[in-house]
Protein chains: 2
Amino acid sequence: MTDDGERIVLLRFVERFALVLREAGMPPMPARVLAYALADDADRYTAGDLARGLDVSPAAISGAVRQLVQVGLLTRQREPGTRSDLYVLDDRDLWSRFMASELQALQRFVTAAEDGIEVLGLDRPGGRRLAETRDFLAFLHAELSDAVARWPAERDRRAAAHGT
Amino acid sequence: MTDDGERIVLLRFVERFALVLREAGMPPMPARVLAYALADDADRYTAGDLARGLDVSPAAISGAVRQLVQVGLLTRQREPGTRSDLYVLDDRDLWSRFMASELQALQRFVTAAEDGIEVLGLDRPGGRRLAETRDFLAFLHAELSDAVARWPAERDRRAAAHGT
DNA sequence: CACATACTTCACAAACTTATGAAATCCGAG
DNA sequence: CTCGGATTTCATAAGTTTGTGAAGTATGTG
């Protein structure tokens, strides 16, 4: 960021974007860190950069980056001869990776419905409703996987179209 | 449900399914009510039915059904000459309606990214990352809308295939 | 080897969420 | 009009989550 006014604008955006991420189930601090890493101009951050940039305690960053690394949204790098890890938001395919974990959640959904069908049986209204639920969720999972897989090619196609 | 053993099995399933719904962002009590209405055999419930069936306080049901009606997953009906509202899980297209609200959330996501691009500008790495985020999310929104719209026909096609 | 810097872990305080019991409200029946 | 059953509202207690400061740990530097 270039100056203080810009920084305030950035932080306001970070909070707004993080809010949406939180509504999608992400804990507050990881959401803020992700939004900040996305919107600020640097492409690598130490934990300290993030703490100062977001004006939160280093302790909060520590937990947040651990979770983000865990789910693959941030990667940890160590530059030889330096004391701190560097956190990189690998923006190429970032959202595909994000969706991969959402797809896993959807799959758990399908499994839960399946287990219900097993114990209830298909000869009861409840079981039949669960079967339709399972079918829809499975359909959605397939469609989403497909869409996510198609995105990189689609993006490049669009970029090429703009470039000409 | 036919007997007590079955009821325990049902409630266990309800908790498991509700857990998945909660992980998807739904508050606990609405998640339980939805799972119960889905898996139990009745197709209409009074608030009292739900309270007794789930063994929770009527107060908890009151709040839960309000939220579910709000998002369109449950509809309220009033039988003439009766004291209680009836809650109906309109299972036809239930999940399409569920997805409609998810799609709205996704749209808010797109909007948030868009606002960020506006304040940051496209001439900075942060702005460019946000632009790619917006493009992906918009793509996903379109693909999902499309898939949801195709589902009813797809389901009927499958049913017909099985029937022959 | 001692030091300084950067990060992590831990215990805790504050804020928020959740579900309850009790009281208030609603509405049809007699 | 009053009664009675059912639901809703409200205050509250219990539980959970969140982020902090302080102490501890690791690592490169002089």
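Reminder, nothing fancy here: chain letters follow the sequence lines and each chain counts from 1. Any value given below was found using the heavy atoms of this structure, including those in side chains, with hydrogens, waters and symmetry copies removed.
Dense packing is recorded around CZ of A:Arg150, with more than 12 heavy atoms of other residues, nucleotides or ligands lying under 6.0 Å away.
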Using distance only, find each side-chain donor-acceptor pair of residues 100-110 of chain B under 3.5 Å and give its atom names and separation, not counting sequence neighbours.
residue: B:Ser101; atom: OG; partner: B:Phe98; partner atom: O; Å: 2.8

Residues 51-75 of chain A side chain polar contacts: donor-acceptor under 3.5 Å, at least two apart:
residue: A:Arg52; atom: NH2; partner: A:Asp49; partner atom: OD1; Å: 3.2
residue: A:Ser57; atom: OG; partner: A:Ala60; partner atom: N; Å: 3.2
residue: A:Thr75; atom: OG1; partner: A:Val88; partner atom: O; Å: 3.4

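Side-chain contact of A:Arg44 with A:Tyr87: a donor-acceptor pair under 3.5 Å is absent, judged by distance alone. At a cut-off of 3.5 Å, with distance as the only test, a side-chain donor of A:Trp95 or B:Thr133 sits close to an acceptor on the other residue.
Judged purely by atom type and a 3.5 angstrom limit, B:Asp85 has no side-chain atom pairing as donor or acceptor with the backbone of B:Arg78. Checking side-chain atoms of B:Arg97 against main-chain N and O of B:Asp90 turns up a donor-acceptor pair under 3.5 Å. A distance-only check finds a donor-acceptor pair linking the side chain of B:Arg129 to the backbone of A:Asp40 [under 3.5 Å].
A salt bridge links B:Arg158 with B:Glu154: at least one charged nitrogen is closer than 4.0 Å to a carboxylate oxygen. In summary, A:Asp135 and B:Arg155 do not engage in a salt bridge, as defined by a charged side-chain N under 4.0 Å from a carboxylate O.
With the nearest nucleotide of DNA chain D identified for both A:Arg78 and B:Gly63, B:Gly63 has the one nearer the 5' end.
A:Tyr45 comes within contact range of no nucleotide atom at all, as no heavy-atom separation falls under 4.0 Å.
Nucleotides of DNA chain C that come within less than 4.0 Å of any heavy atom of chain A span, from the 5' end to the 3' end, C:dT5 to C:dT9.
Sorted by residue number, the members of residues 46-61 of chain B with any non-hydrogen atom under 4.0 Å from DNA chain D read B:Thr46, B:Ala47, B:Gly48, B:Pro58, B:Ala59. DNA chain D lies under 4.0 Å from at least one heavy atom of each of the following residues of residues 12-32 of chain A: A:Pro28, A:Met29, A:Arg32.
Aromatic pair B:Tyr36/B:Tyr45: centroids less than 6.0 angstrom apart.
Atom CZ in B:Arg83 sits about 11 Å away from atom C1' in D:dT7, given to the nearest Å.
In terms of heavy-atom proximity, A:Gly127 sits nearest to A:Ile117 at O-CG1, 4.1 Å.
The terminal axes of the helix from C:dC1-D:dG30 to C:dG30-D:dC1, fitted over 5 pairs per end, subtend an angle of 10° to the nearest 10°.
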Chi angles and distances behind the side chain to side chain contact (heavy atoms under 4.5 Å, CB included) call for A:Arg76, A:Leu86: CA-CA 6 Å; A:Arg76 206 190 305 261; A:Leu86 289 175; over 6 Å; no
